[in-house]
Amino acid sequence: MLEEELRNVFDIERKQSDDFSSLLDDMVREGLIIKTRKKRYGAPERMGLIVGRLQVHQRGYGFIISDRPEVSDVFVPANFMNGAMNNDRVVARVNVINSETRKAEGEIIRILERANTEVVGVYEDSRNFGFVVPDDPKINVDIFIPKSETNGAKEGYKVVCEITKWPEARRNPEGKVIEVIGHKNDVGTDILSIMKKYRLTPDFPQDVEAEVAKVVEEVPEEEKANRKDLRSIPMVTIDGADAKDLDDAISIEQLSNGNYKLGVHIADVTHYVREGMALDKEALERGTSVYLVDRVIPMLPRKLSNGICSLNPRVDRLTLSVFMEIDNKGTVISHEIVEGLINIDERMVYEDVSDILEKDDQELKQKYSNLVDMFKMMESLCLILRNRRENRGAIDFDFPESKVILDDKGKPIEIKKYERRIANRMIEEFMLVCNETVAEYFYWQNTPFVYRVHEDPSLEKLEEFNKFIHNFGYHLKGLNTEIHPKTLQDLLKKIESTKEEKLINTLMLRSLKKARYAGHNLGHFGLAAKYYCHFTSPIRRYPDLEIHRIIKESINGKLNNKRLEQLSGIVPNIADQSSTRERLADEAERETEDLKKAEYMADKIGEVYEGIVSGVTSFGMFVELDNTIEGLIRLSYLIDDYYIYDSEQHMLIGERRKKIYRMGDVVKIKVSKVDIAQREIDFTLAE
C-alpha cells in the first residue's frame, strides 16, 4: 500500500501525518516493513523476503539468521552478497528452495544496519596506497587505505581502521586508520587487537568514574539497621584461587526434622548501582564481564566488583539472601528472600575444599577444623540435589575445559584440563536450585522478569541426529511430537567411556538450541527445569542485577501498576542486549584462548603426541590432545591412500586399503605447522 492508503486504513488525522510518516521510516529502518521503489509498503514475509543478521563464512558464502525464531536460516552464495559484510542486518529475497536439502537460498537486496564500522587488522603498504587485512576471517575483503589516511601506520603493524566507503560489486571497501595498536609481533599486541576487535575496554567513562568515586568502601551504619542481621550465621565463599569478584556465599544447617536449610547469599549490587545512573547504563551496555585468558574486562569498575560488592572475608557486606528448606529428596519445601547483612568466615578455594572431601587431607582439615562438618553437610546435600536433577532428566555435558597458564610476559607456559571436582559441583548445584526457586516464585507472582531459557530442540534436527546414531546402534525413542530431555540424558549414560562418546556428545549439542535470556518463561530444556533464571552473579551479569532490582522492589511493596507496566517495557530489551553481549563475550574469550594455544604449540614443531580424533570433515580430521589443544590433519597429509569422506557416518574411508578414521579413534600425531595469526595448528600422522 501507498502511505496515503495506509493513512486512510488507520484513520490518521492531518495533524498526525508527520508522526505517522516518521513511524513508517523507523519501521523500514528496523526491517519490520519494506518500502519498494514505487513507494509502496509491505510486510517482508508476505513479499518472499527475509530480514535478519548475516553470518559470513571465511570462504565467502553466508547464512541469514532470521529475526523470527520460527523461520529457518537462508543460505546466501558468495556472488549474491551484494556488498554485505559479516553481522550486518540485511533484507534478502529467497530465490530458490534446494530440492535435495529443502533449504532456502537467497540474495541480499538491502542492508539495514552496518555492523563493522571499525575493523582491526594488519596494515600492508605499497607504493601508491595501503590496505588493511582484517583479523576476522569472516571479513574476507581487504580494506583499501589512501596514503593520506594511514595515520603513520607502517608495514606489519596492527591497526584499527574506520570504514569510509562500503564495498560494492568488484570494489573493496575503503577506510582510514584511526589507531595504531603496535607491531603484530610485539608482546601484548595480540590480546589488545582482540579487545579492539570486540570493542572491549577496561576503562570506564568519566561520568561513571565520578559516580564510583562517591561510593563509600564500608557499609554505613544506617544501612545496617535496615537489614536482616545474618552475621552470626557461619558462611563461606568457595571460588577459584584467582577469583577477585566474589558474589556468592553459602551457609547450611540441618534442621531438627532432618531437612537442610541452605542459605545462598548474593552480593546486593543494586544498592550501589541504581536504575538510571551512568553506572547502570554502562553496565547494561557491557552486559557481562569478559574473562579473557590474561585479564578480566569487568562489567562494573573494580572498586565495586573487587571491593565493596565482593563478599570478601571478615568484613560486613550487603546481600540478597535466599534461605531454602530442602528435604532429603532434594525438594524445596519453603523459601524466604531477605535483604541481608553478612560477614564471611572464610574465603575458600575449590581445590582445598575438594582435597578435604575427596582426599581427607589432614593438614587442611586441621587448618579449617571449624568448617569441615559444614563441608561434609554441603557434599551430602549436593549429591541429593544432583540425584534429583538426574532423575528428572537434566542433561549434563561434561566437555573438558582448559586452563591456560601464562608467565609474567603473557607467554603460555602450560595448558591443562580444568577439573570439575566435588567443591565445584557443590556450588553449581546450590546456584542451580537457588536460580530455579527464585524463577518459579516470581513466575507465579506474575511479575515482569528476566528468565534464562533453553527452548525445546527442533524435531527436524533431532531426527537427523537420530539417523546418525543408528550407525552406532543407538536410538532415540518417542520422536513423533516432542522429546523429553531424559531421553537424551539416557543416551549420554549409554555412551559414557565409549569411542563414540565425544562425537555423539558434540553432535547432540549442535542439535540443541542455544540458551538465551527472555522476558517470558519458556522453560530450560537442558536442565529439565520449568522455571529458570540467573540470580547468583550480579557483579558480572546484567540480567542478575536487573532481577535483584525487581525482587527488592517486590519485597518492599514498590511494584505498583505503573512500575509493572514500565518493567514490562524494559525487561525484553534487557534480555536481548544481555543475550547479544553474552555471545560476543564467548567469542572473545574463545579467541584469546585459541590464540594462546597456537602460541603454546608454535615451539613444539616436530614433537609427537597421542590424541583422539575429535572431528571429521571433507577437508581432513581434527585431533584433540589430552591438554584440550586441537589441530587439523589435512586430507592432503594422508598420503597412504585416497580418503573419501562419508558425511552420514562422519568418517574417512581409504579407497584401496579401506582404512577408516572416525571420531574417538586414538592416533599418534606430529606437530607440523602453526599459524598464530589464524589460530591454526596443523598435525600429521606420526605412524
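Owing to the predicted nature of the structure, the values given are computational and were not obtained by experimental measurement.
Ring centroids of Tyr123 and Phe131 are separated by 6.0 Å or more, keeping the two rings apart. Ring to ring, Tyr645 and Tyr643 are not that close: their centroids are 6.0 angstrom or more apart. Taking the six-membered ring for Trp and the full ring otherwise, His650 and Phe468 have centroids separated by under 6.0 Å.
Under the ring pair (Phe, Tyr, Trp, His ring centres under 6.0 Å) criterion, the residue pairs touching residues 138-157 are Phe129-Phe144, Tyr157-His183, with sequence neighbours excluded. Screening residues 143-158 for salt bridge (Lys or Arg N to Asp or Glu O under 4.0 Å) gives Asp125-Lys147, Asp135-Lys158 as the qualifying pairs, with residues at least two apart or on separate chains. Residues in residues 537-546 take part in these salt bridge (Lys or Arg N to Asp or Glu O under 4.0 Å) pairs, two or more places apart or across chains: Arg541-Asp544, Glu546-Arg549. Residues in residues 22-64 take part in these ring pair (Phe, Tyr, Trp, His ring centres under 6.0 Å) pairs, two or more places apart or across chains: His57-Tyr61, Tyr61-Phe75, Phe63-Phe75.
With 3.5 Å as the limit, one finds a donor-acceptor pair spanning the side chains of Glu630 and Ser614. Between Tyr451 and Asn521, the side chains place no donor N or O within less than 3.5 Å of an acceptor N or O (distance only, hydrogens not considered).
Figure legend: cation-pi geometry between Lys604 and Tyr600, with NZ or CZ positioned under 6.0 Å from the six-membered ring centre and within 45° of its axis. Stacking of Arg286 on the aromatic ring of Phe204 is recorded, both the 6.0 Å distance cut-off and the 45° axial limit being met. Arg452 forms a cation-pi arrangement with Tyr517, by the criterion of a distance under 6.0 Å to the ring centre and an angle within 45° of the ring axis.
Residue Glu401 places its CD atom among 12 or fewer non-hydrogen atoms of other residues, nucleotides or ligands, all under 6.0 Å distant. More than 12 heavy atoms of other residues, nucleotides or ligands shown are found within 6.0 angstrom of CZ on Arg53.
Between Arg199 and Glu285 there is no salt bridge, since no side-chain nitrogen of the basic residue lies less than 4.0 Å from a carboxylate oxygen of the acidic one. Using a 4.0 Å cut-off between charged side-chain N and carboxylate O, Asp88 and Arg110 make no salt bridge.
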inquiry  = Please evaluate residues Arg583 and Asp586 with respect to the criterion salt bridge (charged side-chain N to carboxylate O under 4.0 Å, His left out), reporting the C-alpha separation (whole Å), side-chain torsions for both, the decisive distance (0.1 Å), and the verdict.
reply    = CA-CA 5 Å; Arg583 286 193 295 273; Asp586 286 345; over 6 Å; no
request  = Under the side chain to side chain donor-acceptor pair (under 3.5 Å) rule, what do Tyr542 and Asp280 come out as? Steps first, then yes or no, please.
outcome  = CA-CA 9 Å; Tyr542 195 86; Asp280 183 50; 2.7 Å; yes
ask   = Lys513 and Glu455: salt bridge (charged side-chain N to carboxylate O under 4.0 Å, His left out), yes or no, with the steps?
value = CA-CA 6 Å; Lys513 293 182 179 175; Glu455 293 143 285; 5.0 Å; no
task = Would you check, one step at a time, whether the test side chain to side chain donor-acceptor pair (under 3.5 Å) holds for Gln55 with Asn86?
result = CA-CA 5 Å; Gln55 288 187 357; Asn86 185 51; over 6 Å; no
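Checked against Ser402 for a side-chain hydrogen bond (donor to acceptor under 3.5 Å, both in side chains), the options Lys417, Lys597, Lys416 give a single hit: Lys597. The side-chain contact (heavy atoms from CB on, under 4.5 Å) test with Ile108 is passed by exactly one of Ile50, Val91, Ile64: Ile64.
By the side chain to side chain donor-acceptor pair (under 3.5 Å) test, Glu599 pairs with Lys596, sequence neighbours left out. In this structure Lys197 satisfies the side chain to side chain donor-acceptor pair (under 3.5 Å) test together with Glu591, sequence neighbours excluded.
For the atom pair CD1 (Ile163) and CG (Asn116), the distance works out to 6.0 Å, reported to the nearest 0.5 Å. Atom CD1 of residue Ile681 and atom CD1 of residue Ile605 lie 9.0 Å apart, to the nearest 0.5 angstrom. Between the OG atom in Ser193 and the CD1 atom in Ile181 there is a gap of 4.0 Å [rounded to 0.5 Å]. Remark: Lys514 NZ to Glu582 CD distance equals 10.5 Å, nearest 0.5 Å.
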